[in-house]
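Here is the structure we will look at, set down as structure tokens.
Worth knowing before you read on, the calculation uses all heavy atoms, side chains too, and leaves out hydrogens, waters and symmetry mates. Please read all numbers here as calculations on a predicted model, not as lab measurements.
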Amino acid sequence: MSSGHVVDFWSDGDNTFRPHRPDWQTKARCVGETEMFFNEGSPHAIADAKKFCAKCNVRRMCLKFALDNDEIGVWGGTTTMERQRLKRSRRRGVDITAET
């Protein structure tokens with residue numbers, strides 16, 4: 001994992017260790033939500049998370065972060081397995097996270 005990996009990112013506890021995180025994460029639509037984004041064993045939860053992500057203004061940054069940091073769960077509207085496929089595409093020179 002890169003040094004940018006976020007630990008316990010969504011915790012709302014006052015005594016929780018919170019490393020510095022990119023500004024875009026505070027603007028994410030999913031701040032405070034956890035259950036549906038980290039339940040990849042449930043097709044229903046995955047579908048709900050993807051619908052939620054589809055309306056997020058920082059989706060592209062979230063996806064890039066997840067790809068760069070090997071995150072687990074739904075990030076940027078993609079599952080862990082989908083991002084693994086995207087990473088293989090990136091290695092072939094196709095970067096779907098690039099701005100057009």
Give the C-alpha distance, both sets of side-chain angles, the deciding distance and a yes or no for side-chain contact (heavy atoms from CB on, under 4.5 Å) between Leu86 and Leu67. CA-CA 8 Å; Leu86 290 172; Leu67 287 166; 4.0 Å; yes
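In summary, Lys64 and Asp68 engage in a salt bridge, as defined by a charged side-chain N under 4.0 Å from a carboxylate O.
One finds the CG atom of Asp23 at 9.5 Å from the CD atom of Gln25 (value rounded to the nearest 0.5 Å). The OG1 atom of Thr78 sits 5.0 Å away from the CG atom of Leu63 when rounded to the nearest 0.5 Å. Distance check: Ile46 CD1 to Phe37 CZ gives 12.0 Å after rounding to the nearest 0.5 Å. Taking CG from Asp48 and CD from Glu33, the interatomic distance works out to 10.5 Å, rounded to the nearest 0.5 Å.
Taking the six-membered ring for Trp and the full ring otherwise, Trp75 and Phe65 have centroids separated by under 6.0 Å.
When all heavy atoms of Gly76 and Cys62 are compared, the closest pair comes out as N-SG, 3.1 Å. Across every non-hydrogen atom of Cys56 and Ala28, the tightest pair is SG-CA, 4.0 Å. Minimum heavy-atom separation, Cys30 to Phe52: CA-CE2, 3.5 Å.
Residues satisfying the side-chain contact (heavy atoms from CB on, under 4.5 Å) test with Lys51, not counting sequence neighbours, are none. The side chain to side chain donor-acceptor pair (under 3.5 Å) search around Glu40 returns Thr80, not counting sequence neighbours.
Side chain of Ser42 to backbone of Asn39: no donor-acceptor contact under 3.5 angstrom is found.
The salt bridge (charged side-chain N to carboxylate O under 4.0 Å, His left out) contacts involving residues 73-84 comprise Lys50-Glu82, where partners must be two or more places apart or lie in separate chains.
Side-chain contact between Lys87 and Gln84 is absent, with no heavy atoms from C-beta onward closer than 4.5 Å. Side-chain atoms of Met36 and Val74, non-hydrogen and from C-beta on, never get closer than 4.5 Å to each other.
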